[in-house]
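Labels below follow one simple rule: chain letters A, B, ... track the order of the sequence lines, proteins then strands, and each chain is numbered from 1.
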Protein chains: 2
Amino acid sequence: MRMSLRYAVLGLLARRPSTGYELTQTFDRSLRSSWHARHSQIYPELAKLEAAALVEVVGLGARRSKTYAVTAAGRAELRRWLVEVEPDRSQRSESGLRLFLTPLLDPDDRQATYERDLAHVELELAALGEVQAGMQNAPEPEAFAPQVELGIRMNTVLRDWLREQIKASAT
Amino acid sequence: MRMSLRYAVLGLLARRPSTGYELTQTFDRSLRSSWHARHSQIYPELAKLEAAALVEVVGLGARRSKTYAVTAAGRAELRRWLVEVEPDRSQRSESGLRLFLTPLLDPDDRQATYERDLAHVELELAALGEVQAGMQNAPEPEAFAPQVELGIRMNTVLRDWLREQIKASAT
DNA sequence: AGTACCATGTAAGCCGTTACATGATTCT
DNA sequence: AGAATCATGTAACGGCTTACATGGTACT
């Protein structure tokens, strides 16, 4: 995963110029399913990207906020990473680890954890449904609709699998 | 994700007593889709777990290898974590980040990256199919079969989605 | 005037990766 | 005898989280 934060920031700015504060929120919202970063990581990274001329300040706003945008060099570097750098496929998911270990629990505990997970997945699906519904008039270019659709399908598979496990352990 | 490594090691030892070396391999194989750890992290963690009396050395083998097993206290602590500790649902997936940013690429580049991903998912599915096929006589208790099934379903959804994107961008 | 939220930054410490280091056993 | 693999450990470095710190703006 080395250096991914750099491209995450570059990528979000390529979607839309933003302040560091806005990026922090986007990490929490749109990107929370695959990457996460706190403001304490984002601000220093923006400074580094600016020093490397991959982004630039395009506006100063209220409360001494700075709006950044990618430069041409930044766009080229983002493209290079997406297309030419071999992806690191490794993942880190505590939820995945828990799911992997759940068969070690006795039936009552197992069912309880599956139900906790199911409740969470259903919330997730509801949230994704809203994103999808609010997408025509949203600031998002509609090009990202398939990505939302993928999230929905993934969570649906997980939801159905959890329901099966709960049903099976109820016998 | 704080402290997850501890429970990953505890959980793997609860499945079967192992040496540090074997754990390293298991992280690379069975667990690579959700967690990963190098031997340089595993050996110190085993020492800490032993100091906390959550695991113990149950045998010395060739090449001064040590086989560890969970203690009763270790099993209780693992159960506590799985059932009572609120899961950290955050994930870290460079692949997810790439997928999220791919719509920024122009059609040719986009198709190329989708095809690269598709090739990888198909390898993954083939590997999972083998795991599933070799599962009746394997040392794994069959209780873990549903987890393998979930992996297959997830990858199948991703495969089909990638195929759709490739078809759509071919027009 | 006080509270809530917007907005940016730095420092300490933990976690994980890469690299360094050593020795035992098996196979050819 | 040499190479490959098994097996365990430590050290340096970088990335990420938590906590500390500060100030601006809007609302009541």
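In this structure, the nucleotide among D:dG23, C:dT8, C:dG16 sitting nearest to the side chain of B:Trp35 is C:dG16. Comparing atom distances between the A:Arg64 side chain and each of D:dT22, C:dT25, C:dG9 picks out D:dT22 as nearest.
Of the charged side-chain nitrogens involved, at least one lies within less than 4.0 Å of a carboxylate oxygen, so that B:Glu164 and A:Arg153 count as a salt-bridged pair.
The local environment of CD in A:Glu84 is crowded, with over 12 non-hydrogen atoms from other residues, nucleotides or ligands closer than 6.0 Å.
Among the heavy atoms of the strands, none lies under 4.0 Å from B:Arg6.
Between B:Gln91 atom CD and D:dC16 atom C1' the separation is 17 Å, expressed in whole Å. Atom C1' of nucleotide C:dG13 and atom CE of B:Met1 are separated by 18 Å, given to the nearest angstrom. The distance between atom CE of A:Met3 and atom C1' of D:dG14, rounded to the nearest whole Å, is 10 Å. Taking atom CD on B:Gln25 and atom P on D:dA7, their separation rounds to 8 Å, with Å as the unit. The nearest whole Å value for the distance from the CZ atom in A:Arg92 to the P atom in C:dC14 is 18 Å. For B:Leu5 and D:dC16, the CG to P distance is 18 Å, given to the nearest whole Å. We find that CG of A:Leu60 is positioned 16 Å from C1' of C:dC6, with the value rounded to whole Å.
Shortest non-hydrogen contact noted between B:Ala143 and B:Gln147 is O-OE1, 3.9 Å. When all heavy atoms are compared, the tightest approach of B:Ser34 to A:Leu97 is OG-N, 3.7 Å.
Comparing B:Ala62 and B:Ser90 by the nucleotide of DNA chain D that holds the closest heavy atom to each, the one mapping nearer the 5' end is B:Ala62.
Between the side chain of B:Asn155 and the main chain of B:Gly151, a donor-acceptor pair closer than 3.5 Å is present.
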(request) Give the C-alpha distance, both sets of side-chain angles, the deciding distance and a yes or no for ring-ring contact (aromatic ring centres under 6.0 Å, His included) between A:Trp35 and A:Tyr7. (result) CA-CA 11 Å; A:Trp35 204 263; A:Tyr7 298 99; over 10 Å; no

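Considering only side-chain N and O atoms, A:Tyr21 lies under 4.0 angstrom from the phosphate OP1 or OP2 of C:dC6. Proximity of A:Arg63 to the phosphate of C:dA4: no side-chain N or O atom is located under 4.0 Å from OP1 or OP2.
A donor and an acceptor atom, one from each side chain of A:Glu149 and A:Gln132, are located under 3.5 Å apart.
Scanning residues 36-50 of chain B for heavy-atom distances under 4.0 Å to DNA chain D yields B:His39, B:Ser40, B:Tyr43.
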